[in-house]
*Asks:* 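My questions all concern the structure below.
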Amino acid sequence: MSSKILISDISKILKDRNGAFLCCASFEKRSLSIPAKINTLQFKKVLIFASEDRCPYISETASEINNIFLNKTQIVNTRMRDPLSTADSIAKAVQQLIAKNIKDVIIDISTFTHEMLLILIMILWRNKDHFSKVTCIYTGARDYSLGDSVENKWLSKGCKEVRSVFGFPGQIIPGRPSCLIVLVGFEHERATRMITTMEPELLLLGRGLPSSEHLTHDSHKAPMEYFHKLVEDMGSSRGDLKTFEFSCRDANETIQLLQRQIEDTPEYNHIVVPLNTKISTVAVGLVALQDTSLQVCYAEPETYNFAAYSEPDNKVTIFDIW
């Protein structure tokens, strides 16, 4: 069950948690929002994940987060363009938590890439017997692509590569038709690249439920519907297409809905692409970890909207993975 609270109340909610805090340095100011509110909590370990090859601002942000925690952090260097190296760095960091017998983990999932977050969730899951509690916190965005009209909003452009996420290879059975499930967000170029690359026999396009209960912010409704329509128009010319709605904010609801989509199409190989909130990305990861036949893919963008990506909201969503 997820709950949405004011970010100013987060330290009260977490006051009895003293295990590990994991976060990701980003060019987005959102990566500073939660650390700035919980820096007085007495964590045994604070890990800052930072992609060395993502953009020049990330090392500066990592230093800012380190300063927020009075230099009591450890920076874990990852590489966006080298998922194997990233997985190795994350695995070593998780092993450090196990070695220190830290069983309680809080993750600020707001600014991880979809791929990095999936790898982290996968590695924690594989060590599930050790970790007694894992909680995710997500700072929503009040707005994206600041200052742009709905039709001109963009978070990333282009697509360098389409690849299976490390740890989520699925079980692709030769001769069986493929079903591509895309959780559509604002990044329609990445979604359409996935569709043209995969050429699925069945395309299932997911649109976030357009209500305050299921969106992380009401301002997302219009652009989300606009970009979903772009992807749907493109996909409809390529064969069998169906649409469904999912919660951008409630991981458990999204898990159940994805499981139903898969159960309703048992004759297909299933490939899923999470391109919406990091909350729904966690949901995808948990579904795929329980159903190892499901392949999860990632589309690496050419560039991001570094200058005007997002404006942090004053509310956060918090939920337990287990």
Side-chain angles (χ1 to χ4, degrees), residues 20-26 28 31 45-55 58 62 74-98 102 105-131 134-138 156 159-171 181 183 185 187 190 194 251 254-255 258 270-301 304 319 321-322:
F21 175 66
L22 282 55
C23 62
C24 183
S26 169
E28 287 188 80
S31 63
K45 192 80 172 177
V46 176
L47 298 178
I48 305 169
F49 294 86
S51 292
E52 299 171 299
D53 57 348
R54 193 175 178 192
C55 87
I58 285 180
Q74 177 183 339
I75 296 176
V76 180
N77 291 313
T78 60
R79 297 188 65 80
M80 184 175 178
R81 298 185 183 96
D82 189 346
L84 292 180
S85 172
T86 292
D88 184 58
S89 296
I90 293 174
K92 288 177 179 176
V94 169
Q95 283 302 315
Q96 288 184 25
L97 303 184
I98 294 172
I102 295 174
V105 177
I106 297 169
I107 313 170
D108 176 2
I109 63 174
S110 311
T111 55
F112 280 87
T113 67
H114 297 279
E115 184 175 47
M116 282 179 62
L117 180 58
L118 287 163
I119 292 171
L120 173 59
I121 297 299
M122 177 269 296
I123 291 171
L124 289 170
W125 178 273
R126 289 184 177 179
N127 293 281
K128 192 176 179 182
D129 289 345
H130 174 83
F131 295 104
V134 177
T135 300
C136 294
I137 315 174
Y138 177 76
S156 66
C159 182
K160 280 182 178 291
E161 181 186 11
V162 171
R163 58 183 178 250
S164 173
V165 176
F166 180 84
F168 297 88
Q171 296 172 9
I181 305 171
L183 303 189
E187 297 171 282
R190 294 167 76 184
M194 279 288 187
T254 301
I255 286 170
L258 282 171
H270 293 96
I271 304 162
V272 65
V273 182
L275 286 173
N276 202 274
T277 62
K278 302 301 164 46
I279 299 171
S280 54
T281 298
V282 170
V284 168
L286 293 175
V287 171
L289 287 166
Q290 295 173 71
D291 180 359
T292 56
S293 69
L294 179 64
Q295 183 181 78
V296 184
C297 285
Y298 176 72
E300 182 186 337
Y304 289 94
F319 61 99
I321 298 180
W322 66 80

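Bear in mind the structure is a predicted one, so any value in this text is a computation, not a measurement.
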*Asks:* Just verifying a value: how many Å separate L258 CG and L286 CG, rounded to the nearest 0.5 Å?
*Replies:* 10.5 Å
*Asks:* Among residues at least two apart in sequence or on other chains, which ones pass side chain to side chain donor-acceptor pair (under 3.5 Å) with T78?
*Replies:* S51
*Asks:* Measure across L118 and F168 and return the closest heavy-atom pair with its distance rounded to 0.1 Å.
*Replies:* O-CE1, 3.4 Å
*Asks:* Can you sort out the partners of N77 under side chain to side chain donor-acceptor pair (under 3.5 Å), two or more places apart, ordered by chain and number?
*Replies:* none
*Asks:* Rounded to the nearest 0.5 Å, how far does CG of L117 lie from CD1 of I279?
*Replies:* 10.5 Å
*Asks:* C136 and I321: which non-hydrogen atoms are nearest, and at how many Å?
*Replies:* SG-CD1, 3.4 Å
*Asks:* Could you state the interatomic distance from CD1 (I181) to CE (M194), rounded to the nearest 0.5 Å?
*Replies:* 13.0 Å
*Asks:* Can you list everything that forms a side chain to side chain donor-acceptor pair (under 3.5 Å) with S31? Sequence neighbours excluded, please.
*Replies:* none
*Asks:* The criterion is ring-ring contact (aromatic ring centres under 6.0 Å, His included); which residues satisfy it with Y298, sequence neighbours excluded?
*Replies:* none
*Asks:* Identify the two heavy atoms, one from N276 and one from H114, that lie closest to each other, and give their separation to 0.1 Å.
*Replies:* O-CE1, 3.0 Å
*Asks:* Who are the side chain to side chain contact (heavy atoms under 4.5 Å, CB included) partners of T292, not counting sequence neighbours?
*Replies:* Q171
*Asks:* Which residues pass the salt bridge (charged side-chain N to carboxylate O under 4.0 Å, His left out) test with D82, sequence neighbours left out?
*Replies:* none
*Asks:* For the CZ atom of R81 and the CD atom of E300, what is their distance to the nearest 0.5 Å?
*Replies:* 5.5 Å
*Asks:* After noting the C-alpha distance and the side-chain angles of L120 and V94, does the key distance pass the side chain to side chain contact (heavy atoms under 4.5 Å, CB included) rule?
*Replies:* CA-CA 9 Å; L120 173 59; V94 169; 4.3 Å; yes
*Asks:* List in chain and number order the residues that pass side chain to side chain donor-acceptor pair (under 3.5 Å) with S156, two or more places apart in sequence or in another chain; answer none if no residue qualifies.
*Replies:* E187
*Asks:* Check C24 against T111 and note the closest heavy-atom contact, atom names and distance.
*Replies:* O-OG1, 2.8 Å
*Asks:* If you round to the nearest 0.5 Å, how far is CG of L22 from CZ of F49?
*Replies:* 4.5 Å
*Asks:* Are side-chain heavy atoms of M116 and S89 found at a separation under 4.5 Å?
*Replies:* no
*Asks:* Quick one: does H130's side chain have a donor or acceptor within less than 3.5 Å of a partner on I102's backbone?
*Replies:* yes
*Asks:* Please report the closest heavy-atom contact between S164 and Q295, naming both atoms and the distance.
*Replies:* OG-CG, 3.9 Å
*Asks:* Does the K278 side chain pair with the main chain of F112, one donor and one acceptor, at a distance under 3.5 Å?
*Replies:* yes
*Asks:* Nearest heavy-atom pair of S293 and D291: which atoms, and what distance?
*Replies:* OG-OD1, 2.6 Å
*Asks:* Which is it for I121 and I107 under the side chain to side chain contact (heavy atoms under 4.5 Å, CB included) test, yes or no, and what are the steps along the way?
*Replies:* CA-CA 10 Å; I121 297 299; I107 313 170; 4.2 Å; yes
*Asks:* Among residues two or more places apart or on two chains, list those pairs meeting salt bridge (Lys or Arg N to Asp or Glu O under 4.0 Å) that have a residue in residues 115-127.
*Replies:* E115-R163
*Asks:* Residues two or more places apart in sequence or in another chain: which of them pass side chain to side chain contact (heavy atoms under 4.5 Å, CB included) with A62?
*Replies:* A25, I48, A50, I75
*Asks:* Does W322 reach the side chain of L124, with side-chain heavy atoms less than 4.5 Å apart?
*Replies:* yes
*Asks:* So how far is it from I109 CD1 to T135 OG1, rounded to the nearest 0.5 Å?
*Replies:* 11.0 Å
*Asks:* If the condition is salt bridge (charged side-chain N to carboxylate O under 4.0 Å, His left out), which residues does K160 pass it with, not counting sequence neighbours?
*Replies:* E302
